[in-house]
Q: 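Right, I'll just put the structure down here and ask away after.
Each residue takes its place number in the sequence, starting with 1. Keep in mind that what you see is a predicted model, and the values were worked out from it rather than measured. The analysis underlying the following values was restricted to heavy atoms, covering all of them including side chains, and did not include hydrogens, waters or symmetry mates.
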Amino acid sequence: MSPEDPVQDSLQGTLILADPSLKEPTFFQSVLLLTEHSEEKGALGYILNRPIGKSVGELLTEEILPKAQRD
């Protein structure tokens, strides 16, 4: 892929693992679930391995991660 070709595929619904060399405290040793990824809206996700008092199922809506992708 050349730099002139924009990435067309969305990464919505994927997991991202922080590189072990990343020392920035917010993302250090983090596992992220991307719930939104588009050129228009940018990226949005949740850090899964930090407590927030909710289950993953409570955070995911059908719009963010369709049932077919959950199974």
Side-chain angles (χ1 to χ4, degrees):
M1 179 185 309
S2 71
E4 297 82 32
D5 295 334
V7 175
Q8 298 297 321
D9 295 336
S10 172
L11 296 175
Q12 181 176 339
T14 60
L15 292 174
I16 297 176
L17 305 177
D19 186 274
S21 66
L22 181 63
K23 302 298 184 207
E24 198 277 323
T26 303
F27 297 108
F28 181 70
Q29 296 183 335
S30 294
V31 177
L32 292 96
L33 172 64
L34 280 184
T35 55
E36 186 172 302
H37 183 249
S38 68
E39 188 173 327
E40 301 81 35
K41 295 183 179 180
L44 175 72
Y46 296 97
I47 297 175
L48 299 180
N49 59 333
R50 301 278 191 316
I52 61 169
K54 294 186 180 228
S55 69
V56 173
E58 292 174 298
L59 300 173
L60 297 180
T61 64
E62 186 70 22
E63 180 182 308
I64 292 171
L65 191 61
K67 186 171 175 76
Q69 289 183 0
R70 293 186 215 182
D71 297 334

Q: Looking only at non-hydrogen atoms, find the nearest pair between R50 and P25 and report the distance.
A: NH2-O, 3.8 Å
Q: Donor-acceptor check, side chain of T35 to backbone of L44, threshold 3.5 angstrom: yes or no?
A: yes
Q: To the nearest 0.5 Å, what is the distance between CG on L33 and CG on L11?
A: 11.5 Å
Q: Over all heavy atoms of both residues, which pair between Q12 and H37 is shortest? Give the atoms and the distance, please.
A: N-CB, 3.8 Å
Q: For a quick test of reading the model, state the closest non-hydrogen atom pair linking F28 to L22 and the distance between them.
A: CD1-O, 3.0 Å
Q: Could you tell me the separation between the CD1 atom of I47 and the CD1 atom of I52, rounded to the nearest 0.5 Å?
A: 9.5 Å
Q: Between S10 (side chain only) and S38 (backbone N and O only), is there a donor and an acceptor less than 3.5 Å apart?
A: no
Q: Give me the atom names and distance for the closest heavy-atom approach of A43 to L34.
A: CB-CD2, 4.2 Å
Q: Would you compute the distance between atom OH of Y46 and atom CG of L32 and round it to the nearest 0.5 angstrom?
A: 12.0 Å
Q: Could you walk me through whether L15 and L48 satisfy the side-chain contact (heavy atoms from CB on, under 4.5 Å) test, starting with their C-alpha distance in whole Å, then the side-chain angles of each, then the deciding distance to 0.1 Å, before giving a yes or no?
A: CA-CA 9 Å; L15 292 174; L48 299 180; 3.5 Å; yes
